[in-house]
Amino acid sequence: MALVEVKNISFQYPNGYLAVDDVSFSIDAGENIAIVGQNGAGKTTTLKMISGLARPTDGEIIMFGYRGGGLKNIRSRVSCLIEAPGVYGNLSAYDNLKIKCKLFGIQEKSYIPEILEMVGLNHVGKKKVKHYSLGMKQRLGIGLTLVGDPDLLLLDEPINGLDPQGIVEVRDTILRLNEERNMTILVSSHILEELSKIATHYGIIHNGSLLQEMTKEELMKRCSE
Ligand code: ATP
């Protein structure tokens, strides 16, 4: 059974603009899906619908076997980072994670160090987040999405605006989460190259429509041709 089934979803903003138009795809457990499309293609709106921040104006989403109002039962299994991470600049990465752990009632001592290790921030100590590079902040944002052990991660443009080093670090983090933790991930970008090699499947979205779906191997073959 697919973890997520997106069936013919559309989203029309109140001003009448159809941002997502009849999009369907499914995500199996352990897959790392990349949605690629130009600015304004409808990526964020699609991720918002999957995360529950927006309700499709047409079509339906089935997740972990739940649909409609039943989706609230599994919201805690889905975690998202949409646009910039919400972090407290005057606190360290550890303390930012500690606040989220408190909200989730998590007390294990090893929990935060394990997340810091996973996102490569285990050596930053007490340094305040406001002094982090953009890539470090983004990795902390990904770390915060891991609190509560979600089964599905939604990352919207996590590589946007990063320098080459930051891009490599965030890509490595996404790969590790998928390969080592077997996390199912849906990640978006407007630059295909940024996500090349990290996803198992690719979807190309344009003007609100899903134009093509490809496996990593198909994408590599087509790029080489
Ligand atoms: P970007 O990378 O620029 O965020 P995107 O692919 O994520 O692009 P969306 O943010 O999903 O695209 O936006 C899709 C379309 O919907 C765009 O044309 C955008 O202008 C429009 N849109 C977004 N939010 C609203 C809104 N609140 N009201 C009306 N139109 C909107």
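When a ligand or atom number is given, it counts from 1 through the structure's own listing order. All values below come from the heavy atoms of this structure, side chains included, with hydrogens, waters and symmetry mates left out. Given the structure is predicted, the values throughout are model-derived calculations rather than measurements.
- A donor atom on one side chain and an acceptor atom on the other are found under 3.5 Å apart for T44 and D156.
- Distance remark: protein heavy atom present below 4.0 angstrom from atom 14 (C) of ligand 1.
- Counting only N and O atoms by type, the side chains of N32 and Y202 include no donor and acceptor under 3.5 Å apart.
- Nearest protein heavy-atom contact of atom 26 (C) of ligand 1 is Y13 CD2, 3.3 Å.
- Listed by atom number, the atoms of ligand 1 under 4.0 Å from A41 heavy atoms are 5 (P), 6 (O), 12 (O).
- Near Y17, meaning under 4.0 Å from one of its heavy atoms, ligand 1 places the atoms 15 (C), 16 (O), 18 (O), 21 (C).
- More than 12 heavy atoms of other residues, nucleotides or ligands shown are found within 6.0 angstrom of NZ on K130.
- For H190, the heavy-atom gap to ligand 1 stays at 4.0 angstrom or more.
- Ligand 1 lies less than 4.0 angstrom from a heavy atom belonging to G42.
- Set against the non-hydrogen atoms of A19, the atoms of ligand 1 under 4.0 Å away are 14 (C), 15 (C), 16 (O).
- When only interatomic distances are considered, the shortest N/O to N/O separation between D156 and ligand 1 does not fall below 3.5 Å.
- A donor atom on one side chain and an acceptor atom on the other are not found under 3.5 Å apart for E213 and H201.
- Residue contacts with ligand 1 do not include K48, since none of its heavy atoms lies under 4.0 Å from the ligand.
- Taking every non-hydrogen atom of Q38 and a distance limit under 4.0 Å, the qualifying atoms of ligand 1 come out as 6 (O).
- Nearest protein heavy-atom contact of atom 7 (O) of ligand 1 is T44 OG1, 2.5 Å.
- Of the protein's heavy atoms, at least one falls inside 4.0 Å of atom 1 (P) of ligand 1.
- Proximity to N15 (heavy-atom distance under 4.0 Å) selects the following atoms of ligand 1: 29 (C).
- Of all atoms in ligand 1, listed by their number and element, those nearer than 4.0 Å to a heavy atom of E157 are 2 (O).
- Looking at A54, G40, P14 and measuring to atom 17 (C) of ligand 1, the nearest heavy atom belongs to G40.
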